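The shown structure was predicted, so the numbers you read here are calculated from the model rather than taken from an experiment.
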Amino acid sequence: MSSLAQPLAQPLAQSESLVQSVDWLAIAPPTLAAVVGLAVLVTDLFLPEARKPLLGRLSVAGLAVSTALLLPLLDGDRSTFCLTGDPRVCSYTADRFTLVIQFLVLGGALLAALLSVTALKDARGRLPEGEFWFLLLSSAAGAALLPASRDLATLVVALEVASLPAFALVGIRHGDRRSSEAALKFFLSSVTATAVSLLGISFVYATTGSLHLTRIADRIQDVDGQLHILAQTGVVLTLIGFAFKTAAVPFHFWVPDTYIGAPLPVAAYLSVVGKAVGFSGLILVTVVGFPSYADVWGPALAALAALTMTVGNVGALRQQATRAYSAVRLLAWSSVGQAGYLLVPIAAAAYTDDPDHAIGSTVAYALMYGAVNLGAFAVAALVGRTSPANRLTDYRGLYARNPLAALLLAFFLLCLAGLPPGIIGLFAKVTVFSAAVDADLGWLAVVMAVNVVIALYYYLQWTALLFRAPEGEPVQHRVPAPLTAALTLTAIVGLALSGAPQLVLRFADTALF
């Protein structure tokens, strides 16, 4: 090779070494959801109004296939977008933790889509179908990307891709003042959370020189003494930002109004998928990124857990049965209380030598909560078709009008309460409780036990209302096929998990990372 060709070949070789191979199978689930979302947006431009329901069928099919694409990834961990100098440091990892959360996210989005098909049909054109499905699929794609993110840049991008479409979904009912106010409150709180998180991430990057979580974990424990305060501040600010996303008290104020103002399927989506996004991000930054700062985030999350479950359950307890939207409002406050339970094992991970076991308890509880809470929202959507105000009193005598729906709602509520026959709810609560005890957080276990008793009252009160004598003549109503499918799927999952709780609880006994 000539002397002139050699200098030209060296930069070429260097540029080739920077080209990263992409594992398309590993990134297939979120990628397909995003591609289907774009296809829906383009197709909407050419479809006449009478054929808009085809967009819903395409979206449901896309989410179903995205969920099915998780199956080929079960054979082992896969990583992509890795550093060429160190292939062990990657931005995207499809490990056991990722796949479980992606199943929760995509499965929850699929059930929310089934509820949305009926809601859009009942809206009779008042909701723009093309925009609705595009926003739902985009948010689901971002939510599925987040648990696989292993660097802070990808984590923030995924968080915003999941959040920004959700703002629009909450306020998508044009001319509805309640919907607009809910979207504005949700937007302002989320933007504040993002700003705080970005400030914290910038501090972490300044002290470690890296955005990859594994490298941050190695470097942040050995930062220069002059930068220690900056690193500690970055950790705290990052945690505060994710506390907004998880609806932890005192960052929960947006939840009740947002759930009421949003279309009911969107509220169901936020209650499960939104929480999965916040908690998976919180787990990644604490257990994977900041394990050496467990003495900082451990006590903070334990205090947040106690405060969140108490405020959430007391808020649900205070709901008046005759107040408009009291059923949805109770589910909103209940979700805040459930967020407190989900925080307990993450806090316990700071105090134990086996953080994987504690995180497994959170994952197991999240799977139980996701299935039964979506089922409760499905029944609420059914009742809301004839009683738009969705008061708790509207559920009086539901057994006389629709025995199967009443029995399913009673089962879902008992699962959330942790009472038989909701065996999976009982076992999941015991798993979370044992995580606190094993970490020597006895005071937090006591607070949880008190809150479980408080929650029993309002869950059983709602359950009893279903079987009381109805006021007036009971009227039978036909259940649309998509709503029937959503109820059937949630019932099958809830009953299967109650019959074989080991299907979920084994996550509490195996390594996730």
Side-chain angles (χ1 to χ4, degrees), residues 104 108 111 268 271-272 275 309 312-317 319 321 326-342 344 361 364-383 390 392-434 448-468 486-505:
L104 176 60
L111 290 169
S271 72
V272 173
K275 274 192 172 42
M309 67 177 75
N313 285 317
V314 170
L317 190 64
Q319 296 308 305
S326 54
V328 179
R329 192 179 291 272
L330 188 146
L331 288 173
W333 281 107
S334 166
S335 74
V336 174
Q338 299 287 343
Y341 303 146
L342 287 164
V344 170
S361 299
Y365 197 92
L367 288 171
M368 179 281 302
Y369 168 76
V372 300
N373 202 64
L374 283 169
F377 267 102
V379 179
L382 174 61
V383 173
N390 227 317
L392 286 171
T393 52
D394 295 330
Y395 293 78
R396 182 187 179 103
L398 181 62
Y399 183 77
R401 303 195 303 271
N402 193 323
L404 184 58
L407 290 173
L408 287 177
L409 180 57
F411 172 70
F412 296 140
L413 293 175
L414 291 176
C415 283
L416 291 171
L419 289 176
I423 302 299
I424 185 59
L426 174 62
F427 279 29
K429 278 186 169 57
V430 170
T431 302
V432 170
F433 188 86
S434 65
M448 180 179 173
V450 172
N451 275 277
V452 169
V453 174
I454 295 173
L456 285 178
Y457 179 79
Y458 62 80
Y459 284 132
L460 290 178
Q461 191 178 42
W462 192 355
T463 303
L465 200 62
L466 303 174
F467 301 97
R468 290 183 181 176
L487 284 168
T488 302
L489 286 174
T490 52
I492 290 173
V493 172
L495 291 170
L497 295 182
S498 290
Q502 67 273 14
L503 295 174
V504 167
L505 298 183

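- Residues L487 and A378 approach most closely at CD2-CB, 3.6 Å, considering heavy atoms.
- By the side-chain contact (heavy atoms from CB on, under 4.5 Å) test, A316 is found to be paired with L330, W333, Y458, residues two or more places apart in sequence or in another chain being considered.
- Taking every heavy atom of both residues into account, V432 and S361 meet most closely at CG2-O, 4.2 Å.
- Residues satisfying the ring pair (Phe, Tyr, Trp, His ring centres under 6.0 Å) criterion with Y395, sequence neighbours excluded, are W462.
- Here the closest heavy-atom approach between residue I423 and residue P501 is recorded as CG2-CG, 4.5 Å.
- Using a 4.5 Å heavy-atom cutoff, the side chains of F427 and L497 are not in contact.
- F467 meets the ring pair (Phe, Tyr, Trp, His ring centres under 6.0 Å) test with Y399; sequence neighbours excluded.
- Of the listed residues (L426, L456, L413), just one forms a side-chain contact (heavy atoms from CB on, under 4.5 Å) with L419, and that residue is L456.
- The two residues P421 and L414 come nearest to each other via the heavy atoms CD-CD1, 3.6 Å.
- With rounding to the nearest 0.5 Å, the separation of CG in D394 from OG in S326 is 7.5 Å.
- In this view, S335 satisfies the side-chain hydrogen bond (donor to acceptor under 3.5 Å, both in side chains) rule with no residue, not counting sequence neighbours.
- The side-chain contact (heavy atoms from CB on, under 4.5 Å) test applied to F433 returns V437, A445, M448, A449, not counting sequence neighbours.
- C415 places a side-chain heavy atom less than 4.5 Å from the side chain of S498.
- With contacts defined as side-chain heavy-atom distances shorter than 4.5 Å, the pair T490/L408 does not qualify.
- Side-chain contact between M309 and V344 is present, with at least one heavy-atom pair separated by less than 4.5 Å.
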Checklist line | Working for side chain to side chain contact (heavy atoms under 4.5 Å, CB included), residues Y341 and N313 | finding: CA-CA 11 Å; Y341 303 146; N313 285 317; 3.2 Å; yes

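- Residue pairs satisfying the side-chain hydrogen bond (donor to acceptor under 3.5 Å, both in side chains) criterion with at least one member in residues 416-430, sequence neighbours excluded, are listed as follows: Y365-K429.
- For the pair L465/L398, no side-chain contact is recorded, criterion being any heavy-atom separation below 4.5 Å from C-beta on.
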